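Quick note: residue numbers are just sequence positions, from 1. Quick caveat: nothing in here was measured; it's all calculated off a predicted structure.
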Amino acid sequence: MNTCPVELLALIVERVPTDKGLRSLRAVDKTFCALATPLAFRRAYVTNSLPSAQGLRALMECHALAKTVETIVFRWSDMHGDMEGDSVF
């Protein structure tokens, strides 16, 4: 990938359709990590569980990632794990 211009790599990253895909792309190399991170963490998802809340707290405590978050999506889950819908903040 060292021979591809960063601008071309940025176009590739911009076309990745999912947050999960962007987070996976971060593992390719330092360049992809730098390009994908701001897009991968635009949306933070949290449910009504303690581990999820702790994950959101950890995300917000990491300044480099926290500054990329634009939207927090809350997904209410019943005791069986069924998602009932999203609330966007």
task: Could you tell me the separation between the CD atom of Gln54 and the CG atom of Leu56, rounded to the nearest 0.5 Å?
output: 11.0 Å

- request: Output the distance between atom OG (Ser52) and atom CZ (Phe74), rounded to the nearest 0.5 Å.
  value: 8.0 Å

- prompt: Shortest non-hydrogen contact from Arg43 to Arg23?
  reply: O-NH2, 3.5 Å

- request: Would you give the length of the straight line joining atom CZ of Arg26 to atom OG1 of Thr31, rounded to the nearest 0.5 angstrom?
  value: 13.5 Å

field: Residues in salt bridge (Lys or Arg N to Asp or Glu O under 4.0 Å) contact with Glu61, at least two apart in sequence or another chain
entry: Arg57

statement: In Val13, Leu11, Ile12, the residue satisfying side chain to side chain contact (heavy atoms under 4.5 Å, CB included) with Arg15 is Leu11

- prompt: If you round to the nearest 0.5 Å, how far is CG of Leu22 from CZ of Phe41?
  reply: 9.5 Å

query: Checking Arg42 side chain against Leu39 main chain: does a donor-acceptor pair fall under 3.5 Å?
result: yes

statement: Heavy-atom closest pair (Val16 atom, Gly21 atom, distance to 0.1 Å) is CG1-C, 3.7 Å

message: For the CH2 atom of Trp76 and the OG1 atom of Thr47, what is their distance to the nearest 0.5 Å?
response: 9.5 Å

statement: Residues Ser77 and Asn48: closest non-hydrogen pair is N-OD1, 2.8 Å

Any donor-acceptor pair under 3.5 Å from Thr37 side chain to Cys33 backbone: yes

- prompt: For Leu9 and Cys4, which heavy atoms make the closest approach, and how far apart are they?
  reply: CD2-CB, 3.9 Å

task: Mind checking the CG-NZ spacing from Leu25 to Lys20? Nearest 0.5 Å is all I need.
output: 14.0 Å

